[in-house]
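Below you'll find the structure, written out as structure tokens, and then a few comments.
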Amino acid sequence: MHDLTSQPITMIDSSPPLLHHYGELTRLPPQIPTLECNDLPSGGAVMEEYCQLPLIDLSCLNSTNERERLACAEAICRASSEWGFFQVVNHGISPELVRNMRREQVKLFQTPFDKKATCGVLNNSYRWGTSTATCPKQFSWSEAFHIPLSRVSEQACYGEFSSLREVMMEFAAAMSKLSRVLAGVLAENLGHPRGVFENICQEINCFLRLNRYPACPISSEIFGLVPHTDSDFLTILSQDEVGGLQLMKDSKWVAVNPNRDALIVNVGDLFQVWSNDVYKSVEHKVVANGKTERYSIAYFLCPSFDSLVGSCMEPSIYRKFTFGEYRSQVQEDVKRTGRKIGLPRFLL
């Protein structure tokens, strides 16, 4: 491991100052039990195992051929059950819109750190590193804006980044529409109307997260994003071609090959609860890259904080809880133990 404890502060150069905070964490005495080996970054010498996520052509959902429509819906449900992850193409979000959103995202992140951290842009949602980390292995080498959709249309949120507003509004609306199509397919498979999530997850309760993973000089020792599951119903991810996403499959980490034409969809904790474990919320992470920065944009399909979440069938595996209660419990667990415990706390 790099000895950052003896490294002068003036020699620590990263923007945002991730390396400085990582160095500070290495000086702290251990606060929690050591993580298991499978939770540690894999190291540069370890060969990655790649997987081919299920690739689903969503144009088949609108086919005049009933067999094609049913086969497409079945593929979505099977992937959500067996993988918890899948890729979609012909999803209705134009390549031009994705390019425009990425251009504005890069422009935003290239702003000097001091300005990003203090200008209050996008509902003052700028975050970097991991404020709750108590040891290096809990630290994420990344920066992000996590924006509630309730604020996306507000001109005051953008400041001098006015060109971002129109693109982000269009992108958020497109991702919202797609998330509801997919959630509807998954709901119908369990005997519910396709529109059931229109009331459960209103657009103003959802989030967009703009991510940047800077090139990391200690990439073999640290995560780009620590292992976790998502606390929503569904996540839709648009990523660049750098790669770095890994997910847990058959008790081992496998890397996902980036596909520039595809969006990645994964099941969140709430959908696992709602489906009574029919659909799986799968642990995933981002590995740090020593040479190249990585960009991604995630859309999170969420209910309101006071929405009651429970199984859509009986007997239920989980007790009912509100989304706000779940989020608070996750935050408490992370602060106390350094990691998310999540759904096991809510089993009956």
Next on the checklist: With a 3.5 Å distance limit and no angle check, can you tell me whether Thr235 reaches the backbone of Phe300 through a side-chain donor-acceptor pair?
Outcome noted: no
Checklist entry - Does a side-chain heavy-atom distance below 4.5 Å link Thr229 with Glu283? => result yes
Next on the checklist: Side chains of Ser304 and Ser307: any donor to acceptor distance under 3.5 Å?
Outcome noted: yes
Next on the checklist: Go through it in stages, so that I can follow the logic: the residues are Tyr213 and Val286, the test is side chain to side chain contact (heavy atoms under 4.5 Å, CB included), and I'd like the CA-CA distance, side-chain angles, deciding distance and then a yes or no.
Outcome noted: CA-CA 9 Å; Tyr213 301 89; Val286 175; 3.7 Å; yes
Next on the checklist: How long is the straight-line distance from CG of Leu208 back to CZ of Arg151, given to the nearest 0.5 Å?
Outcome noted: 14.5 Å
Checklist entry - More than 12 heavy atoms of other residues, nucleotides or ligands under 6.0 Å from CD of Glu154: is that the case? => result yes
Checklist entry - Under a single-linkage definition using a 4.5 Å side-chain heavy-atom cutoff for Ile, Leu, Val, Met, Phe, Trp and Tyr, are Leu343 and Leu347 assigned to the same hydrophobic cluster? => result yes
Checklist entry - His284 and Phe85: aromatic ring centres closer than 6.0 Å? => result yes
Checklist entry - Is the closest side-chain heavy-atom distance between Leu149 and Tyr299 below 4.5 Å? => result yes
Next on the checklist: Tell me the closest heavy-atom pair linking Val278 and Ser81, and the distance in Å.
Outcome noted: O-OG, 3.1 Å
Checklist entry - Do you know which two heavy atoms are closest between Leu58 and Asn90, and how far apart they sit? => result CB-O, 3.6 Å
Item to check | Test item: side-chain donor near acceptor, Gln138 and Thr132, under 3.5 Å | outcome: no
Checklist entry - Heavy atoms, side chains only, cut-off 4.5 Å: are Leu186 and Ile76 in contact? => result yes
Checklist entry - Where is the tightest heavy-atom contact between Lys340 and Val334, given as atom of each residue plus distance? => result N-CG2, 3.8 Å
Checklist entry - Taking Ser296 for the side chain and Gln239 for the main chain, is one N or O donor matched with an acceptor at less than 3.5 Å? => result no
Checklist entry - For the side chain of Ser311 and the backbone of Met313, is there at least one donor-acceptor N/O pair under 3.5 Å apart? => result yes
Item to check | Side-chain donor or acceptor of Arg69 paired with backbone N/O of Ser63 under 3.5 Å | outcome: yes
Checklist entry - Under 3.5 Å, is there a donor-acceptor pair between the side chain of Tyr326 and the main chain of Asp232? => result no
Next on the checklist: Within this structure, what is the CZ-OG distance for the pair Phe171 and Ser94, rounded to the nearest 0.5 Å?
Outcome noted: 10.0 Å
Next on the checklist: How close do Ala133 and Leu25 get, counting heavy atoms only, and between which atoms?
Outcome noted: O-CD2, 3.4 Å
Item to check | Verify same cluster id: Phe305, Ile147 (apolar side-chain graph, 4.5 Å) | outcome: yes
Checklist entry - Below 4.5 Å, heavy atoms only, C-beta onward: do Ile297 and Arg102 meet side chain to side chain? => result yes
Checklist entry - Should Tyr318 and Ile341 be regarded as members of a common hydrophobic cluster, given that ILVMFWY residues are connected when their side-chain heavy atoms come within less than 4.5 Å of each other, either directly or indirectly? => result no
Checklist entry - In Å and rounded to the nearest 0.5 Å, what is the CZ to NZ distance from Phe346 to Lys320? => result 15.0 Å
Next on the checklist: Tell me if a side-chain donor or acceptor on Lys116 pairs with a main-chain N or O of Phe109 at a distance below 3.5 Å.
Outcome noted: yes
Next on the checklist: Could you check whether any side-chain N or O of Trp141 sits under 3.5 Å from a backbone N or O of Pro214, counting only pairs where one atom can act as donor and the other as acceptor?
Outcome noted: yes
Checklist entry - Yes or no on side chain to side chain contact (heavy atoms under 4.5 Å, CB included) for Leu245 and Leu237, after CA distance, side-chain angles and deciding distance? => result CA-CA 11 Å; Leu245 176 65; Leu237 182 73; 4.2 Å; yes
Checklist entry - Taking NZ, NE, NH1 and NH2 as the nitrogens, is one of them in Glu24 or Arg27 under 4.0 Å from a carboxylate oxygen of the other? => result yes
Checklist outcome for this item: dist Asp306:CG -> Thr322:OG1 (nearest 0.5 Å) comes out at 7.5 Å
Checklist outcome for this item: The reported gap from CH2 in Trp83 to NZ in Lys249 (rounded to nearest 0.5 angstrom) is 5.0 Å
Checklist entry - Near Glu314 CD, under 6.0 Å, is it more than 12 heavy atoms from other residues, nucleotides or ligands? => result yes
Checklist entry - Would you say the side-chain atoms of Asp240 pair up with the backbone N or O of Val242, donor to acceptor, closer than 3.5 Å? => result yes
Checklist entry - Any idea how Phe271 and Tyr279 line up, ring-wise: parallel (<30°), tilted (30 to 60°), or perpendicular (>60°)? => result perpendicular
Item to check | Within-4.5 Å side-chain heavy-atom neighbours: Pro227 and Met248 | outcome: no
Next on the checklist: What I'd like to find out is whether the side chain of Asn266 reaches to under 4.5 Å of the side chain of Leu247, using heavy atoms alone.
Outcome noted: no
Checklist entry - So Ser59 and Asp57, side chain to side chain donor-acceptor pair (under 3.5 Å) or not? Walk me through it. => result CA-CA 6 Å; Ser59 67; Asp57 183 348; 2.6 Å; yes
Next on the checklist: Tell me whether Ser142 contacts the main-chain N or O of Gly224 through its side chain, where contact means a donor paired with an acceptor under 3.5 Å.
Outcome noted: yes
Checklist entry - Should the pair Arg209-Asp230 be classified as a salt bridge under the 4.0 Å nitrogen-to-oxygen rule? => result no
Next on the checklist: Salt bridge check, Glu332 against Arg345: does any charged N sit closer than 4.0 Å to a carboxylate O?
Outcome noted: no
Item to check | Verdict with supporting geometry, Glu104 and Lys107, salt bridge (charged side-chain N to carboxylate O under 4.0 Å, His left out) | outcome: CA-CA 5 Å; Glu104 294 294 335; Lys107 186 191 306 183; 3.5 Å; yes
Checklist entry - Under the 3.5 angstrom rule, does the side chain of Gln246 hit a backbone N or O of Trp253 as a donor-acceptor pair? => result no
Item to check | ILVMFWY cluster, Leu55 and Leu178 together (side-chain gap under 4.5 Å) | outcome: no
Checklist entry - What's the spacing between Ile222 CD1 and Leu19 CG if we round to 0.5 Å? => result 8.0 Å
Checklist entry - Do Asn289 and Arg294 have side-chain heavy atoms sitting under 4.5 Å apart? => result no
Checklist entry - For residues Asp333 and Gln329, is any side-chain donor paired with an opposing acceptor at under 3.5 Å? => result yes
Identify all side-chain donor-acceptor contacts of residues 190-206 below 3.5 Å with residues at least two apart in sequence or on another chain.
from, atom 1, to, atom 2, distance (Å)
Arg194, NE, Glu188, OE1, 2.8
Arg194, NH2, Glu188, OE1, 3.2

Next on the checklist: Are the side chains of Leu164 and Met101 in contact, using a 4.5 Å heavy-atom criterion?
Outcome noted: yes
